[in-house]
Amino acid sequence: MLSSRYDHKTVEQNRYQKWLEKGYFIANKKNKPAFSMVIPPPNVTGKLHLGHAWDTTIQDIIARYKKAKGYDVLWLPGCDHAGIATQAKIMNKLKDDGVDISKLSRQQFLDIAWKWKDEYSKNIHQQWASLGLMLDYTRERFTLDEGLNKAVKKVFVDLYNDGLIYRGEKIINWDPVQKTALSNIEVIHHDDKGKFYYFKYRLLDNSDYLLVATTRPETMFGDVCVCVNPNDDRYKSYIGQYVINPANGEKIPVIGDEYVDISFGTGVMKCTPAHDPNDFEISKRHNLARPIIMNNDATMNDLCGKYAGLDRFVCREQLVNVIKNSGNLVKIEEIVHSVGHSERSNAVVEPVLSKQWFVKMKPLAKLILENQKSKNKVKFVPGRFNKVLLRWMENVEDWCISRQLWWGHQIPAYYKKDDGTIYVDVNPPKDIENYIQDEDVLDTWFSSGLWPFSTLGWPNQTEDLDRYFPTDVLSTGYDIIFFWVSRMMFQSLYNLKKPPFKNVIIHGLVRDELGRKMSKSLGNGVDPNDVVDEFGADALRYFLTTNSTPGLDMRYSKEKVESSYNYLNKIWNSARYILNVLPSDFKVKDINKAKLDGFETWILNKLQITIKNVTKNMDKYDFNAASGHLYNFVYDDFCSIYLEMSKISLQNNNDKYKDIIYQVLYKCLKTIVLLIYPYTPFISEEIYLSLPEHLESIMLENYPKVEKKFVNSYFDNSVSLLLDYIKDVRNYKTNNKLAPNADCQLKINMRINTFDNFINYLKRFTFASKIENVEESLIDQNGAIFIHNYGDILIQVNANKDDIKKLILKNIENEKAEITRCNKMLNNPNFMSKAKPEKIILEQEKLKAHEENLKKLENQLKQLQ
RNA sequence: GGAUGCUUAGCUCAGUUGGGAGAGCAUCGCCUUUACACGGCGGAGGUCGUGGGUUCGAGUCCCUCAGCAUCCACCA
């Protein structure tokens with residue numbers, strides 16, 4: 001028996017532990033078709049946020065739904081080592097603890113990091129448990145574990161041998177705080193206030209100068225020339241001459257290069273090959289030197305004279321002053337321009353020439369582009385994200401994969417000590433003592449990209465790989481399509497010749513109640529733990545998955561979590577009522593449909609429609625729509641109508657029919673619980689286990705199926721009629737300031753078949769003392785008449801004649817408008833020839849009904865006058 | 001500069017092939033009726049961003065413009 005109030009804490013307590021102990025989460029049902037997903041591995045840097053809760057709840061709903069549908073479901077958990085983020089966090093903590101980081105060895109650091117990882121993955125496990133996620137922990141993996149390392153090394157070596165990984169010197173994005181290279185997409189561009197400095201680069205004889213504008217004066221120490229467009233008549237003649245760099249007094253040539261945009265700025269550009277990607281390209285064309293002028297912490301180096309050792313921005317300020325004093329500063333413009341920042345440290349990224357490892361992207365991008373034209377196309381939900389991916393892949397540049405960190409997969413490249421010969425292999429060279437392994441590690445996303453197959457045992461041909469790969473669904477946010485989805489796709493297509501998943505469900509971000517992105521600096525983050533504590537995991541899960549549209553952001557709303565909670569309370573209490581009303585010797589029996597009366601036929605039909613609609617939308621991963629159908633059924637059809645009506649039925653029927661009502665109540669309740677179960681497993685399990693007959697757990701149940709024998713809409717019209725009558729009387733009473741239970745007498749004129757007890761139901765819900773069935777509706781001079789589309793009710797109360805007249809006139813107007821509308825359509829040759837036949841018949845029937853109503857109304861109006 | 005998404009009730013949002021505008025919260029009135037006051041019943045509230053087009057018919061399809069948001073590329 002359920003307690004009198006829905007209390008999420010008692011419902012959710014210990015439940016997860018029991019599911020775990022029973023092994024319900026473990027995939028191994030070999031006799032069933034396989035269905036698999038891998039979790040997007042969260043970073044071991046902190047707590048899970050609402051975005052994780054959203055993403056994983058979507059997956060849990062799918063997992064539980066598919067399991068109930070008869071699949072052998074594998075949902076594989078794991079965490080990501082998150083190289084830069086984790087290393088930075090650990091280093092900061094060590095600093096705070098007073099540890100001298102400079103004295104830390106690589107191995108010492110790694111020992112600390114692994115302990116950190118254990119601690120944080122423990123937190124993550126706790127959060128997964130509190131959300132109720134159906135994860136198969138027997139297969140849990142970590143992106144830095146041994147198996148993954150084996151996969152990473154193999155992929156690196158294969159790509160290297162295929163010429164798709166190379167080591168080269170290029171301009172990369174340098175994070176001077178983390179002191180590592182970054183890939184292009186780890187750089188966040190946003191508009192910052194800046195300055196545009198105009199400097200004179202004077203000719204050697206000081207007869208003239210070229211005006212050069214720059215936003216980064218400190219890079220002038222790396223200038224090797226000044227460029228103009230050879231087609232620019234203003235400056236053509238300067239090509240071949242020399243000018244003086246006002247920063248260091250060095251003489252540099254003026255060269256012509258068509259890259260220079262004649263219409264931009266002054267039309268003269270300084271060229272700093274080691275600190276700008278475009279300048280680097282120019283230097284290749286003109287065979288220029290590429291001096292690097294900064295240290296790896298973005299302080300100036302020895303090439304910068306007295307500025308050596310100064311931070312780049314301090315240097316900038318001082319240098320500008322010096323040049324100003326020398327008379328070579330013309331003006332400073334305040335501008336807003338886009339500046340690249342490190343995704344993790346937020347430091348201004350310094351473009352700098354550096355030797356790094358790269359993945360050659362064009363051939364790999366081609367694999368994706370071709371796959372998305374083939375039968376094996378990965379289906380994106382919503383579909384537009386496929387285009388987002390393709391557009392990016394079409395323009396993708398080579399991927400810088402080496403990171404100057406310790407926490408990650410160390411690159412399996414070895415350099416011979418004497419001559420630097422490179423050796424790349426999954427195993428170290430035999431004469432390892434003659435080699436040094438590359439110190440760098442790989443970008444975290446390199447190993448995440450192998451996640452869908454490395455976790456299943458690849459490169460070994462394991463049973464799991466055979467059974468569960470490719471995975472069926474991947475769910476993730478749109479913010480990591482480029483980082484992760486694309487990389488998994490080409491890695492899988494390259495290494496396994498198959499796409500890694502069949503469907504990708506893309507969702508948005510969870511924002512705060514004001515629509516702002518949740519962030520630490522704003523302090524507006526909502527901790528899922530707090531929400532679970534206050535409203536329960538079920539309410540949170542329901543809120544997250546039913547208040548959003550696929551692919552769009554959502555706002556967190558405490559009100560809506562609360563409303564979800566109230567919905568669950570509604571289900572809880574309806575269950576409590578039903579379980580209370582069922583006789584103690586209740587046994588589940590087949591319902592003989594031949595013996596069903598109106599309301600039972602009606603509700604069972606509604607139930608079938610609900611099962612159909614919910615299932616249809618579950619299959620489309622449209623959880624908002626699916627839950628909406630159930631919600632309407634629960635509130636409107638079941639609780640507001642059937643449950644209330646069944647109270648009357650139970651009073652007015654014999655024991656035989658009462659038993660049918662019990663069976664129907666039971667069936668509805670059980671079906672509701674099974675349908676909502678994927679969303680809200682805890683409360684569903686609790687109610688399920690309270691049912692008179694049940695299995696060991698709702699997790700072993702099958703998903704409801706439409707029972708065709710109960711599809712029967714015969715009584716729909718009469719139930720609608722009854723409900724309309726009730727509603728109209730209530731409405732009438734409210735509008736006439738009568739108490740809901742005020743006595744009234746009804747005269748009704750029924751023109752359709754109804755069912756037993758129709759009058760009893762009507763009486764009970766309108767508090768009518770007398771109900772008469774009359775041939776024609778009449779206006780009673782003592783009371784009001786109520787006019788209805790299907791029939792008429794005469795409500796005998798003391799009412800104002802004018803009000804009645806008004807009401808009739810209003811109804812006449814409505815009917816006329818409807819008739820006009822119908823006529824317009826039916827007289828339209830295009831409608832008649834193009835519309836579906838059933839639509840035409842429908843319109844004709846409507847027209848007929850409206851015309852009849854109009855006649856009656858006009859008749860009534862006449863009587864009243 | 002390119003691309004995408006959004007604009008519907010006071011607020012937050014649904015609205016699936018074009019065929020009588022919906023929910024939650026808020027609000028107003030009535031009801032403590034024996035599942036639920038975390039409730040029930042009834043109501044009020046919308047020229048569906050602007051302007052045009054297609055259509056018998058447009059929140060829905062096409063075009064224009066505006067505002068907001070996001071992504072990509074970026075000029076020194």
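Basis for what follows: all heavy atoms, side chains included, without hydrogens, waters or symmetry-related copies. Please read all numbers here as calculations on a predicted model, not as lab measurements. So you know, we letter chains A, B, ... as the sequences are listed, proteins then strands, and number each from 1.
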Please list, pair by pair, any protein nitrogen or oxygen found under 3.5 Å from a nitrogen or oxygen in nucleotides 74-76 of chain B.
from: C74(B); atom 1: N4; to: S338(A); atom 2: OG; distance (Å): 2.0
from: C75(B); atom 1: OP1; to: N278(A); atom 2: ND2; distance (Å): 2.6
from: C75(B); atom 1: O2; to: D261(A); atom 2: OD2; distance (Å): 3.4
from: A76(B); atom 1: N6; to: D261(A); atom 2: O; distance (Å): 3.0
from: A76(B); atom 1: N6; to: F264(A); atom 2: O; distance (Å): 2.7
from: A76(B); atom 1: N1; to: D261(A); atom 2: N; distance (Å): 3.3

Does the side chain of K570(A) come within less than 4.5 Å of F638(A)'s, by heavy atoms?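 Result no, sub-4.5 Å side-chain heavy-atom pair not found.
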With side chains defined as the heavy atoms from C-beta onward, is the minimum distance between I676(A) and L568(A) less than 4.5 Å?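 In short, these two side chains touch, coming nearer than 4.5 Å.
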How about F196(A) and Y198(A): are their ring centroids closer than 6.0 Å?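 Yes: the rings meet the under 6.0 Å criterion.
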How about Y761(A) and F765(A): are their ring centroids closer than 6.0 Å?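 No; F765(A) has its ring centre 6.0 Å or more from that of Y761(A).
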Tell me which pairs pass salt bridge (Lys or Arg N to Asp or Glu O under 4.0 Å) where either residue lies in residues 635-651 of chain A, with sequence neighbours left out.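 Qualifying pairs: E644(A)-K647(A).
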Rounded distance in Å between the [atom1] positions of [N] and [M]:
N	M	atom1	value
A44(B)	C28(B)	P	16 Å
C71(B)	C63(B)	P	25 Å
A37(B)	U32(B)	C1'	8 Å
U12(B)	G46(B)	C1'	16 Å
C25(B)	G39(B)	P	7 Å
C13(B)	U50(B)	C1'	23 Å
A73(B)	A3(B)	C1'	10 Å
U17(B)	A69(B)	P	30 Å

Exam field: side chain [X] to backbone [Y], donor-acceptor pair closer than 3.5 Å:
X	Y	result
S548(A)	T545(A)	no
H275(A)	I293(A)	yes
D538(A)	F682(A)	yes
S564(A)	K560(A)	yes
D398(A)	M361(A)	yes

Checking ring pair (Phe, Tyr, Trp, His ring centres under 6.0 Å) against F543(A), which of F535(A), Y679(A), Y556(A), Y565(A) comes through?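 Only one of F535(A), Y679(A), Y556(A), Y565(A) forms a ring pair (Phe, Tyr, Trp, His ring centres under 6.0 Å) with F543(A), namely Y556(A).
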Run through Y478(A), F483(A), F482(A) and flag the one making a ring pair (Phe, Tyr, Trp, His ring centres under 6.0 Å) with W392(A).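 Considering Y478(A), F483(A), F482(A), a ring pair (Phe, Tyr, Trp, His ring centres under 6.0 Å) with W392(A) is found only for F482(A).
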[X] [atom1] to [N] [atom2], straight-line distance once rounded to whole Å:
X	N	atom1	atom2	value
H629(A)	A23(B)	NE2	P	15 Å
I188(A)	U70(B)	CD1	P	12 Å
E562(A)	C11(B)	CD	P	21 Å
M645(A)	A35(B)	CE	P	15 Å
W392(A)	A73(B)	CH2	C1'	13 Å
I480(A)	C71(B)	CD1	P	14 Å
R511(A)	U70(B)	CZ	C1'	8 Å
N632(A)	A14(B)	CG	C1'	11 Å

Presence of K647(A) side-chain N/O under 4.0 Å of A35(B) phosphate oxygens OP1/OP2: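 Indeed, a polar side-chain atom of K647(A) lies that close.
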For S557(A), answer base if it contacts any base atom (sugar-phosphate contacts may also be present), sugar-phosphate if it contacts only those atoms, and nothing otherwise; contact means non-hydrogen atoms under 4.0 Å.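 Counting heavy atoms under 4.0 Å across all strands, no contact is made by S557(A).
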When all nucleic acid strands are considered with a 4.0 Å heavy-atom cut-off, which category describes C227(A): base, sugar-phosphate, or nothing?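 C227(A): no heavy atom of the nucleic acid under 4.0 Å.
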For RNA chain B, whose closest nucleotide is more 5', that of I185(A) or that of L643(A)?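 Nearest-nucleotide comparison on RNA chain B picks L643(A).
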First of S574(A) and N547(A) reached from the 5' end of RNA chain B, by closest nucleotide: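 First, find each residue's nearest nucleotide; the 5'-ward one identifies N547(A).
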Could you summarise the pairing of RNA chain B as dot-bracket text, marking Watson-Crick and G-U pairs under 3.5 Å with ( ) or [ ] inside the strand and | across strands? ((((((((.[[[[.)...(..]]]].(((((.......))))).....[.[[[..)....]]].])))))))....
Does a side chain donor of either [X] or [Y] reach within less than 3.5 Å of an acceptor in the other side chain?
X	Y	result
T272(A)	D223(A)	yes
N573(A)	N569(A)	yes
N328(A)	Y209(A)	no
D279(A)	Y259(A)	no

Got a list of protein N/O to nucleotides 38-42 of chain B N/O distances below 3.5 Å?
from: C38(B); atom 1: O4'; to: N566(A); atom 2: OD1; distance (Å): 3.3
from: C38(B); atom 1: O2'; to: N569(A); atom 2: ND2; distance (Å): 2.8
from: C38(B); atom 1: O2; to: N569(A); atom 2: ND2; distance (Å): 3.4
from: C38(B); atom 1: N4; to: R5(A); atom 2: NE; distance (Å): 2.9
from: C38(B); atom 1: N4; to: R5(A); atom 2: NH2; distance (Å): 2.1
from: G39(B); atom 1: OP1; to: N566(A); atom 2: ND2; distance (Å): 3.3
from: G39(B); atom 1: O3'; to: K570(A); atom 2: NZ; distance (Å): 3.3
from: G40(B); atom 1: OP1; to: K570(A); atom 2: NZ; distance (Å): 2.8
from: C41(B); atom 1: OP1; to: S640(A); atom 2: OG; distance (Å): 3.1
from: C41(B); atom 1: O3'; to: R730(A); atom 2: NH1; distance (Å): 3.2

Pairwise N/O distances under 3.5 Å, protein to nucleotides 2-6 of chain B:
from: A3(B); atom 1: O2'; to: R391(A); atom 2: NH1; distance (Å): 2.9

Hey, are D232(A) and R234(A) close enough for a salt bridge, meaning a charged N less than 4.0 Å from a carboxylate O?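 Salt bridge present between D232(A) and R234(A).
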Run the salt-bridge test on K284(A) and E281(A) with the 4.0 Å N-O cut-off and return the result as yes or no.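 Answer for the salt bridge query: yes.
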Could you list the protein-to-nucleotides 55-60 of chain B atom pairs, N/O on both sides, closer than 3.5 Å?
from: C56(B); atom 1: OP1; to: N830(A); atom 2: ND2; distance (Å): 2.2
from: C56(B); atom 1: O4'; to: N828(A); atom 2: ND2; distance (Å): 2.0
from: C56(B); atom 1: N1; to: N828(A); atom 2: ND2; distance (Å): 3.1

